[in-house]
Amino acid sequence: MSYSLDDIKRASESNGADLIVFSDLRSKAADARKEIDARKDAIERIQKSTQEIKKPKKKALSALTVASLALEDEKKLLATITSGGGEVYTKPIDDAIKEYQEQFDKATAEIEGYNKQLDELIKVVDELVEYRNRERDAYKDAKSQYNDLKSNPERALGSNPSDEDKEQLEQYVDSIMGKMEAEEDGHEDQIVQVQNWKNNLTAARNATKASEVPSD
């Protein structure tokens with residue numbers, strides 16, 4: 001027996017991973033929470049990504065489309081006026097092609113930069129999903145063990161426990177379970193939120209037209 005009635009009492013007065021008296025599951029929950037907290041800065045970047053990444057990418061995609069269409073038109077015009085042979089003054093068209101090509105290249109480079117930032121955020125989101133799932137699963141497994149403990153109080157109280165000790169054990173476990181259920185609800189909400197972030201960032205990353213970039 002690696003825990004006593006006093007250990008369970010202390011757990012009932014705690015919060016977070018310390019609600020879990022089972023050392024392996026407590027470590028699993030605590031380690032997952034540590035990894036989540038270590039990514040707070042990235043979470044702030046994700047929350048700011050609409051202003052800092054998605055809107056600029058949308059603008060760059062619009063510029064790319066404009067430059068691409070203008071470049072295509074100028075090249076067609078150049079092909080038309082030079083198709084008859086002979087000397088033709090093409091400097092204005094050549095200059096326009098050069099200008100639009102520069103605009104195209106600039107927009108392409110900007111888009112690549114924004115996509116790189118989005119890839120980094122998507123990687124963080126994948127990690128957050130993994131660690132939030134680990135945290136949730138630790139609480140889920142702990143609840144199962146606490147239910148088993150209520151059915152088998154001798155695991156914490158030893159053989160032939162008194163009715164008073166069994167009653168106290170049940171009260172402590174009920175208190176822990178109530179807090180853990182509230183924790184679980186928060187975990188599910190966070191997992192849904194993180195998955196929504198991933199869907200949104202992935203859509204922005206894969207967008208090849210300004211209209212495909214999510215607005216929120």
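Just so it is clear, the values below take in all heavy atoms, side chains as well, and ignore hydrogens, waters and symmetry mates.
Between Lys209 and Thr65 there is no side-chain heavy-atom pair separated by less than 4.5 Å. In this structure the side chain of Thr202 never reaches within 4.5 angstrom of the side chain of Val125, judged on heavy atoms. With a 4.5 Å cut-off on side-chain heavy atoms, Ile43 and Gln47 count as touching.
More than 12 heavy atoms of other residues, nucleotides or ligands sit less than 6.0 Å from atom NZ of Lys150. Counting heavy-atom neighbours within 6.0 Å of Lys179 NZ, excluding the residue itself, gives a total above 12. The number of heavy-atom neighbours closer than 6.0 Å to CD of Glu44, taken from other residues, nucleotides and ligands shown, is above 12.
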Derivation of the salt bridge (Lys or Arg N to Asp or Glu O under 4.0 Å) call for Lys9 and Asp6: CA-CA 5 Å; Lys9 178 184 178 182; Asp6 285 340; 6.0 Å; no

Steps toward side chain to side chain donor-acceptor pair (under 3.5 Å) verdict (Asp7, Ser4): CA-CA 5 Å; Asp7 294 328; Ser4 65; 3.3 Å; yes

Steps toward side chain to side chain contact (heavy atoms under 4.5 Å, CB included) verdict (Glu120, Arg45): CA-CA 10 Å; Glu120 292 171 354; Arg45 286 181 61 207; 3.9 Å; yes

Verdict with reasoning, Asn115 to Lys57, per side chain to side chain contact (heavy atoms under 4.5 Å, CB included): CA-CA 8 Å; Asn115 284 344; Lys57 180 180 177 180; 2.7 Å; yes

Side chain to side chain contact (heavy atoms under 4.5 Å, CB included) between Lys54 and Ser49, worked out: CA-CA 6 Å; Lys54 289 187 291 183; Ser49 64; 3.9 Å; yes

Ile111 vs Thr208, side chain to side chain contact (heavy atoms under 4.5 Å, CB included): CA-CA, chis, key distance, verdict: CA-CA 9 Å; Ile111 291 165; Thr208 57; over 6 Å; no

Evaluation steps, salt bridge (Lys or Arg N to Asp or Glu O under 4.0 Å), between Glu170 and Lys166: CA-CA 6 Å; Glu170 187 166 343; Lys166 287 192 288 186; over 6 Å; no

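Look at Glu127 and Lys123 and you find a salt bridge, because one of the NZ, NE, NH1 or NH2 atoms lies within 4.0 Å of a carboxylate O, short of that distance. Of the charged side-chain nitrogens involved, none lies within less than 4.0 Å of a carboxylate oxygen, so that Glu112 and Lys116 do not count as a salt-bridged pair. Salt bridge annotation for Glu102-Lys106: absent, with no cationic side-chain nitrogen under 4.0 angstrom from a carboxylate oxygen. A salt bridge links Arg155 with Asp148: the distance from a Lys NZ or Arg NE/NH1/NH2 to an Asp or Glu carboxylate oxygen falls below 4.0 Å.
No continuous path of hydrophobic side-chain contacts links Ile46 to Ile191 [ILVMFWY only; heavy atoms under 4.5 Å]. In the hydrophobic cluster analysis, where Ile, Leu, Val, Met, Phe, Trp and Tyr join through side-chain heavy atoms closer than 4.5 angstrom, Val88 is grouped together with Leu77. Put simply, Ile36 and Ile20 are part of two different groups of oily side chains (I, L, V, M, F, W, Y) that touch within less than 4.5 Å, one to the next. Hydrophobic clustering (ILVMFWY, side-chain heavy atoms < 4.5 Å, transitive): Leu61 and Leu201 are in distinct clusters. At a threshold of 4.5 Å between side-chain heavy atoms, the hydrophobic network of Ile, Leu, Val, Met, Phe, Trp and Tyr places Val213 and Ile53 in two separate groups.
Using a distance-only test at 3.5 Å, with no hydrogens or angles considered, a donor-acceptor pair links the side chain of Arg39 to the main chain of Glu35. Of the possible polar contacts, none joining the Ser175 side chain to the Gln171 backbone as a donor-acceptor pair under 3.5 Å is found. Remark: side-chain polar atoms of Ser83 are paired, donor with acceptor, to backbone N or O of Thr80 under 3.5 angstrom.
Among Arg33, Lys28, Lys140, the one residue that satisfies the side chain to side chain donor-acceptor pair (under 3.5 Å) test with Glu135 is Arg33. The side-chain contact (heavy atoms from CB on, under 4.5 Å) test with Thr90 singles out one residue from Asp95, Thr82, Ile97, and that residue is Thr82.
Side-chain contact of Asn133 with Arg136: a donor-acceptor pair under 3.5 Å is present, judged by distance alone. No hydrogens or angles considered: a donor-acceptor pair under 3.5 Å links the side chains of Gln101 and Asp105.
With values rounded to the nearest 0.5 angstrom, Leu64 atom CG is found 9.5 Å from Leu69 atom CG. Considering CG of Asp18 and CG of Asn15, their distance stands at 8.5 Å, rounded to 0.5 Å. For the atom pair CG of Leu78 and CG of Asp73, the computed distance is 12.5 Å after rounding to the nearest 0.5 Å. Atom-to-atom distance recorded for Phe22:CZ and Ser27:OG is 13.5 Å, nearest 0.5 angstrom. In this structure, Leu128 CG and Trp197 CH2 are separated by 7.0 Å, a value rounded to the nearest 0.5 Å.
Of all heavy-atom pairs between Ala207 and Glu212, the closest is CA-OE1, 3.5 Å. Residue Val21 comes nearest to Tyr3 through the heavy atom pair CG2-CB, 3.6 Å, listed as atom of the first residue, atom of the second, then distance. Here the shortest heavy-atom pairing between Ala17 and Arg26 reads O-CG, 3.2 Å. Here the closest heavy-atom approach between residue Ala156 and residue Leu169 is recorded as CB-CD1, 4.5 Å. Taking each heavy atom of Arg134 and Ala32 in turn, the nearest pair found is CB-CB, 4.1 Å. The minimum heavy-atom distance linking Met180 with Ala142 is given by the pair CE-CB, 3.5 Å.
Listed by first then second residue, pairs satisfying ring-ring contact (aromatic ring centres under 6.0 Å, His included) with a partner in residues 117-141 read Tyr139-His187, not counting sequence neighbours. Among residues at least two apart or in separate chains, there is no ring-ring contact (aromatic ring centres under 6.0 Å, His included) pair with a member in residues 67-120.
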